[in-house]
Structure formats: C-alpha cells, structure tokens
Amino acid sequence: MPDNFPQSLEPLANELRKASRVLCLTGAGVSAESGVPTFRDSGGLWEGSRPEDVATPEAFERDPDLVWRFYLARRRNLSSVRPNPAHEVIARFETLFPEFNVVTQNVDGLHQQAGNSRILCLHGDIWIDRCTVCTFERRVEASDGPVPRCDQCGALARPGVVWFGEMLPEGVFEQAVQLAADAQVVLVVGTSSQVYPAASLANVAQQSSAFVAEINPNATPFSDSADLVIPLNAGMVFPELERMLAESGRI
Ligand code: APR
C-alpha cells in the first residue's frame, strides 16, 4: 500500500463530492483483477495473437475458423470470471450520482453483470453473434462448439465486436462525445489510451473543463494531460473512493 494512500485520492473525492454529472471511461485494465487478460500488458492478448490475424475484417475473410478460435477462447475464459470490486463500485456509482454514465472499450459484459445500465459499448459485445449477410443477431451464453452460423439464413456469423479498421456502432461515439463534453468529473480507468477514437474522449472532457483523473498503475499518453494521476489498480482505488464518499455523507 503506497504511503500516501488514500490521501492521494482526496482531490478526486473532493471533486466527486461536488459533482452531479460523472463519466467513467474504461478499458481492459478495469477487468484485469477479474482475471481477464488485457491487450498490451505483458502476457496480454496481443502477445499471443497479432491483431491483424484475429481482429480485422480481412482476417475473418481470410480465415474465419482462426478468428473464431480466438473469440471462443476469450468467451471460455470470460464464462468463469466475475465482476471485481472496481466493477461493483462503478455499478453503485450509477445510483449515487444524479447522472453517472460508463463508456467502455471492453466487450466482456462485466460492467453490465455488475449492474451498470447507463453504459455505451464503443467496441461492441463479445456475447453477440451477428450474421455476415442478413441483419440477424443473437446473444449467446455458450463458448464452445463449431463456427456459429446464422439461425435465419444459415450464413456464417461473426462476433458482435468492432474490429480494427471498422466503424464504431452507429451513433454510439457521438453519444459518448456528448457525455464527455457534459461531464463535470471523468474517471479514465484501465486504458492505455492508444486506440482511437475512444482515446480522444478524455481530451474532449478536459477541453470542456471537466476534472479528469486517470486510474492506471502504468503511465499512458494521456497521463501528462490528466488533472490527477492515480498510479494504482482500480480494484484498490474504487472501494477506497466509495468509503471516502460515504464518510463525507455523500452516500
Ligand atoms: N487497474 C487499472 N488499470 C490497469 C490494471 C488495473 N488493475 N491492470 C492493468 N491496467 C492498465 C494497464 O496499465 C494498461 O494501461 O490497463 C491498460 C490496458 O491497456 P490495453 O491492454 O491497451 O487495453 P485497452 O486500453 O482497453 O485497449 C483498447 O484496443 O485491442 C483493442 O479493442 C481492443 O478495446 C481494446 C482497445
């Protein structure tokens, strides 16, 4: 435990005590303590597979079985994990603040499992199979079996995630920009801030004079711009933040 903890959280707790519009921007790091591998940390998903081989439309066109093996393996891993304390506090924040939203790059569904309903998923949802021909899509539980096909037309299905080089879901990013522009406090949690356009949201918030805190044990390209950097794991920070807000009668 760092010797200036939890005092180092005080500037953020102070801002949250005053705020009514709060936005939480999350990346893979918020799920790390649930046992979900991130992408770019050592041991991350991009260490074992190359994005261009498993996470682009061209890769799927070239070898759908290989792409499905990658996503079915991620589904198998996810079927045994649960939200961690960071997810649980972020879910409780939804009722604590008059307006609390989550914008996530994650496709794992753990924020939703923890209870967040005001959430925008910029990169889609790994638990959705989507037809490559018609508009049919379905939510799946299973994480095994052959390459999924469309129930409606029999064509090959694909995972309902956004691949590199693809557009984000219609209108979702525009809504996220509006939330970032309106927020009074923004928590940037567990993202390496390297993938656009998601990584631009923190700057949108800052330009709209929000107080922006980065919660990440490692430095990122955004760290120098943050109003406050908390170089700690989300699973340690959020329960302490919630305790500080409760102590001050905010909860
Ligand atoms: N708490 C907070 N942050 C953490 C924790 C933790 N316990 N563990 C790791 N991190 C941080 C790492 O330091 C890193 O900066 O989480 C970040 C994870 O970065 P990435 O692996 O790059 O994940 P992310 O930023 O979500 O990637 C963005 O890239 O591959 C695409 O579509 C994929 O949505 C993904 C996007």
*Please examine the side chains of V185 and L12, heavy atoms only from C-beta on, and report whether any two atoms are closer than 4.5 Å.*
yes

*Would you call the rings of F100 and F97 parallel, tilted or perpendicular if under 30° counts as parallel and over 60° as perpendicular?*
parallel

*asked:* Can you tell me how far apart CZ (F5) and CG (L232) are? Round to the nearest 0.5 Å.
replied: 6.0 Å

_Between the side chains of R62 and E58, is the shortest nitrogen-to-carboxylate-oxygen separation below 4.0 Å, so that they form an ion pair?_
no

_Taking the ring of F70 and the ring of W46, is the distance between their centroids below 6.0 Å?_
yes

_Smallest separation among heavy atoms of P169 and C121, with atom names_ = CG-O, 4.1 Å

*Can you tell me if S20 and E99 form a side-chain donor-acceptor pair at under 3.5 Å?*
no

*E141/R75 ion pair, N-O < 4.0 Å*: no

*Could you grab the distance from atom CG of L9 to atom CE of M236, nearest 0.5 Å is fine?*
9.5 Å

*Do V188 and I230 share a hydrophobic cluster, counting only Ile, Leu, Val, Met, Phe, Trp and Tyr and linking them when any side-chain heavy atoms are less than 4.5 Å apart?*
no

*Separation between CG of L179 and CG of L201, rounded to the nearest 0.5 Å*: 9.0 Å

*So, Q206 versus D227: side-chain donor-acceptor pair below 3.5 Å or not?*
yes

*Same cluster for L45 and W68 if Ile/Leu/Val/Met/Phe/Trp/Tyr side chains link at under 4.5 Å?*
yes

_With no hydrogens and no angle check, just 3.5 Å: does a side-chain donor-acceptor pair link R74 and N77?_
no

*P217 versus P231: any side-chain heavy-atom pair under 4.5 Å?*
no

*Just do the side-chain hydrogen bond (donor to acceptor under 3.5 Å, both in side chains) check on E214 and T220 with the steps written out, would you?*
CA-CA 9 Å; E214 180 179 65; T220 75; 2.5 Å; yes

*Does R130 pair with D125 as a salt bridge, N-O distance under 4.0 Å?*
no

*Same cluster for L187 and V212 if Ile/Leu/Val/Met/Phe/Trp/Tyr side chains link at under 4.5 Å?*
no

*What is the distance from atom CD of Q178 to atom CG of N101, rounded to the nearest 0.5 Å?*
11.0 Å

*If a pair satisfies salt bridge (charged side-chain N to carboxylate O under 4.0 Å, His left out) and one of its residues is in residues 157-174, list it, with sequence neighbours excluded.*
R158-E166

*Can you tell me how far the CG atom of D53 sits from the CZ atom of F60, to the nearest 0.5 Å?*
15.0 Å

*Do the side chains of L156 and V161 join up, straight or via other hydrophobic residues, at under 4.5 Å, putting them in one cluster?*
yes

*Validation row: E15, Q184 side chains within 4.5 angstrom (heavy atoms)*: no

*Side chains of I215 and V30: does their closest heavy-atom pair fall under 4.5 Å?*
no

_Distance (rounded to the nearest 0.5 Å) between N218 CG and S192 OG_ = 10.0 Å

_Please determine whether residues W163 and W127 belong to a single hydrophobic cluster, defined as Ile, Leu, Val, Met, Phe, Trp and Tyr linked transitively by side-chain heavy-atom distances below 4.5 Å._
yes

*Could I get the full list of ring-ring contact (aromatic ring centres under 6.0 Å, His included) partners for F173, not counting sequence neighbours?*
none

*Would you check if there is a donor-acceptor pair between the side chains of E47 and S42 at a distance under 3.5 Å?*
no

*asked:* Minimum heavy-atom separation for L110 and R82, please, with both atom names.
replied: CD2-C, 3.9 Å

*So N203 and S200, side-chain hydrogen bond (donor to acceptor under 3.5 Å, both in side chains) or not? Walk me through it.*
CA-CA 5 Å; N203 295 305; S200 64; over 6 Å; no

*Is the closest side-chain donor-acceptor distance between T26 and T104 under 3.5 Å?*
yes

*Should the pair R138-D129 be classified as a salt bridge under the 4.0 Å nitrogen-to-oxygen rule?*
yes

*Under a 4.5 Å cut-off applied to non-hydrogen side-chain atoms, are V189 and C24 in contact?*
yes

